[in-house]
2 protein chains.
Amino acid sequence: MDQHVAHKRPRGRPRKTVADRDDGNRRQQLIAGAARLFRRKGFDATSTRDIAAEAGMQSGSPFYHFKSKGALLYAVMEAGMRAAIERQGTALKAAALQKSEQIGQDPRGLLAVLIQNHFDVLLGPGSDFIPVMLYESRAITARQRATLATLQGEYEAPWVPVLQALHDAGQLRADVKLARLLIFGALNWSVQWFDRRKGATVDELAAAALALFVQEKP
Amino acid sequence: MDQHVAHKRPRGRPRKTVADRDDGNRRQQLIAGAARLFRRKGFDATSTRDIAAEAGMQSGSPFYHFKSKGALLYAVMEAGMRAAIERQGTALKAAALQKSEQIGQDPRGLLAVLIQNHFDVLLGPGSDFIPVMLYESRAITARQRATLATLQGEYEAPWVPVLQALHDAGQLRADVKLARLLIFGALNWSVQWFDRRKGATVDELAAAALALFVQEKP
DNA sequence: CCTACCGATCGGTAGG
DNA sequence: CCTACCGATCGGTAGG
C-alpha cells in the first residue's frame, strides 16, 4: 500500500513517500486507528493525540481531516455499519446460491447464516468498528444517532422475516420483536467476554446460539 | 463526624438540617449520586465536581470520603453487586417457600424467578449500580476487577444447577456454559434499549426471555 | 467538609 | 500536515 524510502530526517515521525503523499486514505488510517483505540480504551479516555500518534501524525493533524473528535467517532461508526450491511448481504447471497431451495423454505438455515455473520462482524479480525458503535453511542449527537438507527434498521431488516417465519412454524416461542432484541443482546454481549485464544470458537458459539434460540422442527 | 453551625452565608449550597448532620451516610449519598451520573454520562465524562454538586458538596469534598474518583466507581460497583446478590437470595427463598415441591423439581420455575429478579435489578427503580458495573469495568484496576469477578461468581452460582437441570431435561439445547453467557447477554443488553415508558413491561420481557430460551417439557 | 489552588491534559486553532 | 499555542477542565491536595 505504501513504500518507505529512507531519507535524512533522522528520527521522529514516520517517513512520507510518494505513495502516501496526497493520499485520501490518511483519513482511513485515522479511522482505523481511532476504532482500535476507542475500542480498547473508550472514547473519552482516548485523546486526539493518541489517535494522531497511531496514524504517525502530529497532535493537531487529525483536525485537518476531521473537524472534531466526535466527527471521527461518528466516521468509525458509520464505516462499521456500512461494512457490516454489505458483508451481511454478501453472506445471504452466497447462502441463497448454495441452496437450490427457495429462500424462506429454510428459515433456520438463514438464521444460522445471519448469526454466524454477526459474530464474525463482532469478533472477527479487524472487528473494532461495530463494538465501538455499540458501546459509545452515548458520545454522538442525537442527529448522528438517528442516521445510525436508519443503518441499523437496514442491517436488521433481513432478520425480521426469518424470525417471523420461525415464530409461525412454532420454532421461536416468544414475541418476534422482543425475541429480536433479546437475540441481538445475546450476540452483542459476546464482545464483553469472548476470547478467541481460549474457550469456544466462533463457530461453536454460533451453533450454541442457534440451538438456544430455535427449537427443532416439531 | 463534623457539625455544621448555621452561619451567615446567604445562598448557595443546600442547607444542612439536624437530620443530615453527623451522618455517616454522606458517603452513601455520594455513591448513589455517582451511580446516577456514571450511568447517564459514563465514568470519564462525569467530573468529580458533578458528583460533589449532586451531593450538595464543594468540589474538593468527595476526596474526603474517597481517595480517588476510581475508588468511588469501585464502591458503586461493589455496592451494586452485594445488593443484587442479597436480592436474588431473597427472591429464591420466597420462591422456595411458596412452592411445596422440592427445589430442583421445577427448574423452569426457578429460572423464571432468576430472570425476573435480574431484570428488576437491571431495570427497576434505583437500578444504576449494576449497569455501571456492566459498562464501566474498563475503568477499574485488575485487582478490583478480580474481586468483582468473585462476587459475580456468587451471583451466578444459583443459575448453574438450574441451567444444568434444564439441559439434562432436554429443555435447554446448548452447551450450559455458553447458554449461560448468551442468556446473561440477552438480559444485560436490555439496559441499552428497554424503556419503562413504552413498549413491553418488565414482566412481559421476563416471560419472553423464558419462552425464548427454554423449551416446553417434551 | 470548604477554600484556594496546582500541575497536567485535553480538544481545538492560526498560520504557515 | 506541522508548529506553537490557547483556554478550559480535570483530578487531586494542603491547610484549616
Side-chain angles (χ1 to χ4, degrees), chain A residues 2 7-31 33-34 37-38 41-75 136 139-141, chain B residues 1-17 20-31 33-34 37-38 41-75 139-141:
Chain A
D2 54 353
H7 60 77
K8 313 308 149 41
R9 195 185 301 268
R11 56 176 136 261
R13 85 193 90 138
R15 320 305 162 35
K16 305 295 161 49
T17 70
V18 182
D20 308 308
R21 202 190 288 161
D22 278 299
D23 227 345
N25 75 3
R26 300 292 281 152
R27 196 184 149 90
Q28 302 308 319
Q29 284 178 44
L30 279 169
I31 292 178
L37 293 169
F38 288 159
K41 314 203 302 176
F43 175 71
D44 287 308
T46 300
S47 71
T48 55
R49 284 159 173 82
D50 293 338
I51 296 168
E54 189 87 353
M57 295 174 181
Q58 297 303 317
S59 69
S61 302
F63 296 97
Y64 171 75
H65 297 279
F66 294 91
K67 67 181 259 277
S68 71
K69 187 186 175 190
L72 226 178
L73 173 62
Y74 178 71
E136 299 292 349
I140 60 177
T141 68
Chain B
M1 191 160 276
D2 54 352
Q3 3 268 102
H4 286 269
V5 188
H7 57 79
K8 315 308 150 40
R9 196 183 301 272
R11 56 173 141 263
R13 86 194 90 138
R15 320 280 159 52
K16 305 295 164 42
T17 70
D20 306 312
R21 201 193 286 164
D22 276 301
D23 229 345
N25 74 7
R26 299 293 280 153
R27 196 184 149 91
Q28 303 307 320
Q29 283 179 44
L30 278 169
I31 292 179
L37 293 169
F38 288 159
K41 314 204 301 176
F43 176 71
D44 287 308
T46 300
S47 71
T48 55
R49 283 160 174 82
D50 292 337
I51 297 167
E54 189 86 353
M57 295 175 181
Q58 296 304 314
S59 68
S61 303
F63 297 97
Y64 172 77
H65 297 278
F66 294 91
K67 67 182 259 276
S68 69
K69 187 187 174 188
L72 226 179
L73 173 61
Y74 178 72
I140 60 177
T141 69

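Here is how names work: the chains are called A, B, and so on, in the same order as the sequence lines, proteins then strands, and each is numbered from 1.
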### Summary
Stem ranges of DNA chain C by first residue number, counting only runs of at least 3 Watson-Crick or G-U pairs under 3.5 Å, come to C:1-16 with D:1-16
### Query
Listed by chain and number, what are the side chain to side chain contact (heavy atoms under 4.5 Å, CB included) partners of Tyr74(A), not counting sequence neighbours?
Glu78(A), Gln144(A), Thr147(A), Leu148(A)
### Task
Given side-chain contact (heavy atoms from CB on, under 4.5 Å), test His65(A) with Met57(A) step by step and report yes or no.
CA-CA 11 Å; His65(A) 297 279; Met57(A) 295 174 181; 3.8 Å; yes
### Query
Does Glu54(A) have any side chain to side chain contact (heavy atoms under 4.5 Å, CB included) partners at least two apart in sequence or in another chain, and if so, which?
Arg36(A), Leu37(A)
### Query
How would you list, by chain and number, every residue that makes a salt bridge (Lys or Arg N to Asp or Glu O under 4.0 Å) with Lys41(A), sequence neighbours excluded?
Asp50(A)
### Closest approach of Pro62(B) to Thr48(B) (non-hydrogen atoms, all atoms of both residues)
CG-O, 4.0 Å
### Task
Look at the side-chain N and O atoms of Gln58(A) and state whether any lies under 4.0 Å from the OP1 or OP2 oxygen of dC1(D).
no
### Message
Test side-chain contact (heavy atoms from CB on, under 4.5 Å) on Phe66(A) and Arg27(A); report intermediate values, then the result.
### Response
CA-CA 8 Å; Phe66(A) 294 91; Arg27(A) 196 184 149 90; 3.6 Å; yes
### Query
What is the minimum heavy-atom distance between Ser68(B) and Phe63(B), and which atoms define it?
CA-CE2, 4.1 Å
### Summary
Asn25(A) atom CG is separated from dC1(D) atom C1', nearest whole Å, by 14 Å
### Message
When you measure from the side chain of Lys69(B) to the backbone of Thr46(B), do you find a donor-acceptor pair of N or O atoms at a distance under 3.5 Å?
### Response
yes
#### Entry: Under 4.0 Å protein heavy-atom contacts per nucleotide of nucleotides 11-16 of chain C, with B for base, S for backbone only and - for none
BBB---
### Task
Please report, rounded to the nearest Å, how far the P atom of dC10(D) is from the CD1 atom of Ile51(B).
11 Å
#### Entry: Euclidean distance, atom CZ of residue Arg27(A) to atom P of dC1(D) [Å, nearest integer]
12 Å
